[in-house]
Visitor: 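Below you'll find the structure I mean.
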Amino acid sequence: MPIFEFSCSDCGQDFEELLRSTDAGSQVTCPRCGGVQVKKKISSFASRITGGTSGLSASSAPACSPGGT
């Protein structure tokens, strides 16, 4: 289930709701004031990229000393 971000037009509270895609059209109420004048915000998403390089090779990275100092 995706998390949607909302903003209440009545009290200005920003909040998140966990909704099923079938519930996305249902009425969402503000948890602070109970208002129904809420607007869905445009949300960005996070992703994790694995692999690849960060521009450093093993030879250019600083070496760790065995003693920790």
Side-chain angles (χ1 to χ4, degrees):
M1 288 189 282
I3 295 177
F4 294 96
E5 293 182 75
F6 294 91
S7 180
C8 179
S9 297
D10 294 333
C11 70
Q13 173 73 25
D14 290 332
F15 61 96
E16 298 174 342
E17 287 286 326
L18 183 65
L19 299 173
R20 297 180 194 184
S21 58
T22 57
D23 294 339
S26 66
Q27 192 69 32
V28 176
T29 58
C30 175
R32 178 192 280 171
C33 72
V36 295
Q37 299 296 320
V38 297
K39 294 181 182 179
K40 187 175 171 185
K41 296 172 68 176
I42 297 176
S43 304
S44 61
F45 63 92
S47 65
R48 175 179 245 174
I49 300 173
T50 58
T53 61
S54 64
L56 293 176
S57 67
S59 62
S60 66
C64 294
S65 63
T69 57

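If you're wondering where the values come from, they're calculated on a predicted model, not measured in any experiment.
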Visitor: What closest approach, in Å, do V38 and V28 show between heavy atoms, and which atom pair accounts for it?
Guide: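 Where V38 meets V28 most closely, the heavy atoms are CG2-O, 3.3 Å.
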
Visitor: Residues in side chain to side chain donor-acceptor pair (under 3.5 Å) with S7, at least two apart?
Guide: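 Per chain and number, S7 pairs via side chain to side chain donor-acceptor pair (under 3.5 Å) with D14.
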
Visitor: How far apart are the closest heavy atoms of D10 and G35, and which atoms are they?
Guide: OD2-CA, 3.5 Å

Visitor: Residues two or more places apart in sequence or in another chain: which of them pass side chain to side chain contact (heavy atoms under 4.5 Å, CB included) with L18?
Guide: M1, I3

Visitor: Which residues satisfy the side chain to side chain donor-acceptor pair (under 3.5 Å) test with E16, sequence neighbours excluded?
Guide: none

Visitor: Taking side chain to side chain donor-acceptor pair (under 3.5 Å) as the test, write out the residues that go with Q37, two or more places apart.
Guide: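 Testing Q37 for side chain to side chain donor-acceptor pair (under 3.5 Å), a comparison that skips the adjacent residues, returns none.
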
Visitor: What's the separation between atom OG1 in T29 and atom CZ in F6, rounded to the nearest 0.5 Å?
Guide: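 Answer rounded to 0.5 Å: 10.0 Å.
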
Visitor: Looking at every non-hydrogen atom in both residues, tell me the closest pair between C8 and C11 and how far apart they are.
Guide: SG-N, 3.5 Å

